[in-house]
Amino acid sequence: DEDFGKEQQQVILQSIFGPAVDTWEVVSVGSWTMSALVADKFFTKTGIALVGDAAHVFPPAGGFGMNTGLQDVHNLAWKVAWAFHNNRLLESRSSILQSYEQERRPVAQSNAALSRRNYQRLLEVVKAAYFDEKNRILFQSLFERSPLPLAFSQTIFRT
């Protein structure tokens, strides 16, 4: 609440959008859990393509999530553009989606595995510095109860 309560949300949104956005609603808030997931299919039965985080999510170790999503869009865009310019968009829709999935799903699976491996390696570094799961919980507990200003505690934790 201190970081992202209603008042802080207003400050953040106005700093991004300015006073033009005066009506907004936060629908949900949740904490992040490390995961690496790849969709079984990269298109729906109705022919909607899944790209980016709709098709795959990776741990942030390595920056593969956004890059893979941008590559997904590029792959799909050139195929749709080709079909459109050759007046074959309607007849090519199924083959476009199938080739998109055949090309991009293996890349997503590979990047998910690489991201997981990078994340595990990062945890090994953290453990080598004598930080294990109990230490993380201990540090988090200490910082949550700290009388220090939140920004100062966060700086100490990051350092």
Side-chain angles (χ1 to χ4, degrees), residues 1-81 83-84 89-90 93-94 96-98 100-101 103-105 107-120 122-123 126 131 133-159:
D1 242 10
E2 190 173 335
D3 284 338
F4 300 107
K6 194 84 167 158
E7 289 179 19
Q8 189 60 21
Q9 292 170 12
Q10 182 70 37
V11 170
I12 292 168
L13 289 170
Q14 284 191 335
S15 71
I16 294 170
F17 299 110
V21 176
D22 60 356
T23 304
W24 53 272
E25 176 186 2
V26 174
V27 177
S28 71
V29 176
S31 57
W32 177 78
T33 302
M34 196 289 287
S35 61
L37 305 169
V38 177
D40 293 332
K41 300 289 287 173
F42 272 35
F43 58 93
T44 68
K45 292 177 183 175
T46 58
I48 297 171
L50 303 180
V51 298
D53 287 354
H56 43 71
V57 291
F58 312 141
F64 294 103
M66 184 174 69
N67 289 314
T68 305
L70 290 170
Q71 293 164 6
D72 291 346
V73 172
H74 180 268
N75 181 284
L76 195 56
W78 80 259
K79 291 174 182 184
V80 170
F84 178 79
L89 192 55
L90 292 177
R93 186 172 101 180
S94 178
I96 288 171
L97 292 173
Q98 288 174 356
Y100 163 69
E101 180 177 285
E103 293 169 11
R104 296 306 303 160
R105 193 164 185 278
V107 172
Q109 289 171 318
S110 176
N111 286 347
L114 185 55
S115 292
R116 274 193 304 269
R117 191 175 82 213
N118 285 349
Y119 186 79
Q120 292 304 319
L122 176 62
L123 291 181
V126 170
F131 290 106
E133 181 65 19
K134 291 177 186 171
N135 291 62
R136 184 194 63 77
I137 293 167
L138 174 65
F139 276 118
Q140 183 176 352
S141 170
L142 288 172
F143 285 120
E144 286 174 354
R145 292 183 177 86
S146 172
L148 299 171
L150 182 61
F152 186 70
S153 295
Q154 288 173 336
T155 301
I156 291 172
F157 186 73
R158 280 192 289 274
T159 301

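Note that this is a predicted model, so its numbers are computed, not measured.
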- request: Kindly compute the distance separating CG (N75) from CD (E101), expressed to the nearest 0.5 Å.
  value: 11.5 Å

- request: Rounded to the nearest 0.5 Å, what's the gap from CZ on F43 to OH on Y100? Could you check?
  value: 10.5 Å

message: Between R105 and F42 (side chain of the first, backbone of the second, donor and acceptor by atom type, cut-off under 3.5 Å), is there such a pair?
response: no

Using residues 53-71 as the side-chain source, report each donor-acceptor pair under 3.5 Å to any protein atom, sequence neighbours left out, with the distance given to one decimal.
residue : atom : partner : partner atom : Å
H56     : ND1  : G52     : O            : 3.3
H56     : NE2  : D72     : OD2          : 2.5
N67     : ND2  : G63     : O            : 2.7
T68     : OG1  : F64     : O            : 2.6
T68     : OG1  : N111    : ND2          : 2.8
Q71     : OE1  : R104    : NH2          : 3.2

- line: Here the gap from I96 atom CD1 to R93 atom CZ, rounded to the nearest 0.5 Å, amounts to 9.5 Å

L90 atom CG, neighbour heavy-atom count above 12 within 6.0 Å: no

- prompt: Charged N to carboxylate O below 4.0 Å: is that the case for E25 and K6?
  reply: no

task: Give, for atom CD of Q98 and atom CD of E103, the distance between the pair rounded to the nearest 0.5 Å.
output: 12.0 Å

message: R116: which residues meet the salt bridge (charged side-chain N to carboxylate O under 4.0 Å, His left out) condition with it, sequence neighbours left out?
response: none

message: Applying side chain to side chain contact (heavy atoms under 4.5 Å, CB included), can you list everything that pairs with T46, at least two apart in sequence or on another chain?
response: T44, I48

statement: Scanning both residues in full, the closest heavy-atom pair of A49 with L97 reads CB-CD2, 3.8 Å

